Amino acid sequence: SQQGEEDPQALSIQEGENATMNCSYKTSINNLQWYRQNSGRGLVHLILIRSNEREKHSGRLRVTLDTSKKSSSLLITASRAADTASYFCATVLGDSSYKLIFGSGTRLLVRP
Amino acid sequence: DGGITQSPKYLFRKEGQNVTLSCEQNLNHDAMYWYRQDPGQGLRLIYYSQIVNDFQKGDIAEGYSVSREKKESFPLTVTSAQKNPTAFYLCASRPGGGETQYFGPGTRLLVL
């Protein structure tokens, strides 16, 4: 089962612009993570936000979490062509397995 | 170099054939995971293992089998019972007590 839905499914922006991706989920979570996937490659962890946090920053990344709305957003500021990739949110429930439940992803294209 | 390796990069399966995908990690991580990714979709969990000689089914385990005889290895067998095996398969590992997963480069399985 897939917990999350991401919006938009695809996003095309100009280099230097900001990119915002949204993720919604269905059940209570322990934390929410964002991963990046370059075409045909494995995933790379970007950032983790816990259920008791509202906002987190890492370099050009800003993540917000609204547990009342069961939603999260990822903002990439001052985008670069190298940011072109698919971005996935993944939720972790409260059990000990630390299983990731992935959303369907947003495909980001940054035009030079 | 530390990391997760998956082999082969591409694998072809004939009708009625079982095939095994390799996943090896030298990160000394306790937990390992297998995911399936279909085109344009997020990842779905097939099996996971939190310690040697123990593993649990994920959301889509039917037609797959795994073993965890060594900490560093978690091979996945796609059996002939899996009627739609064409997909991108990703292996991941997680350190004990850690919350994020580290992914291998993936194996693309195609049916002849």
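Values reported hereafter were calculated over all heavy atoms of this structure, with side chains retained and with hydrogens, waters and symmetry mates removed. Letters go in sequence order (proteins before strands), and every chain restarts at 1. Just so it is clear, the model here is predicted, and its values are computed rather than measured.
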(request) Give the member of A/A90, A/G40, A/G105 that has the highest number of heavy-atom pairs under 4.5 Å with chain B. (result) A/G40
(request) Answer yes or no: are there more than 12 heavy-atom neighbours, outside A/Q9 itself, under 6.0 Å from its atom CD? (result) no
(request) Find the distance between CD (B/Q50) and NZ (A/K99) and round it off to the nearest 0.5 Å. (result) 9.5 Å
(message) Around atom CD of B/E62, are there more than 12 heavy atoms from other residues, nucleotides or ligands closer than 6.0 Å?
(response) no
(message) Check this for me: B/E69, atom CD, are more than 12 non-hydrogen atoms of other residues, nucleotides or ligands nearer than 6.0 Å?
(response) no
(message) To the closest 0.5 Å, what do you measure between CG (B/L43) and CG (A/L43)?
(response) 5.5 Å
(request) Go through B/Q41 and A/F102 one step at a time and tell me if the side-chain contact (heavy atoms from CB on, under 4.5 Å) criterion holds. (result) CA-CA 9 Å; B/Q41 301 293 315; A/F102 282 88; over 6 Å; no
(message) Using 0.5 Å steps for rounding, measure from the OH atom of B/Y102 to the NE2 atom of A/H45.
(response) 8.0 Å
(request) Give the cluster check for B/V52 versus B/F74: same hydrophobic cluster or not, with ILVMFWY residues linked at side-chain heavy-atom distances below 4.5 Å. (result) no
(request) Consider only side-chain N and O atoms of B/E99 and A/Q33, and report whether a donor and an acceptor are under 3.5 Å apart. (result) no
(request) Group every Ile, Leu, Val, Met, Phe, Trp and Tyr by side-chain heavy-atom contacts under 4.5 Å, then state whether B/L109 and B/Y10 land in the same group. (result) no
(message) Quick check on the hydrophobic clustering: are A/V92 and A/L48 connected, directly or via other members, by side-chain heavy-atom contacts under 4.5 Å?
(response) no
(request) Measure B/Q37 against the heavy atoms of chain A and call it side chain, backbone, both or neither at under 4.5 Å. (result) side chain
(request) Go through the atoms of A/Y98 and report whether side chain, backbone, both or neither lie under 4.5 Å from a heavy atom of chain B. (result) both
(request) Mind ranking B/G106, B/C91, B/G98 by heavy-atom pairs under 4.5 Å with chain A and telling me who comes out on top? (result) B/G98
(message) For A/E6, which atoms come within 4.5 Å of any heavy atom of chain B: side chain, backbone, both, or neither?
(response) neither
(message) So which atom in B/L90 and which in A/Q37 form the shortest heavy-atom distance, rounded to 0.1 Å?
(response) CD1-NE2, 4.0 Å
(message) With a 6.0 Å cut-off (strictly less than), is the heavy-atom count around CZ of A/R41, excluding the residue itself, greater than 12?
(response) no
(message) I'd like to know if the side chain of B/Y33 reaches the main chain of A/L100, judged simply by a donor and an acceptor atom lying under 3.5 Å from each other, with no hydrogens or angles considered.
(response) no
(request) Check the hydrophobic clustering (I, L, V, M, F, W, Y; side-chain heavy atoms under 4.5 Å; chains of links allowed) and say if B/V111 and B/L21 are grouped together. (result) no
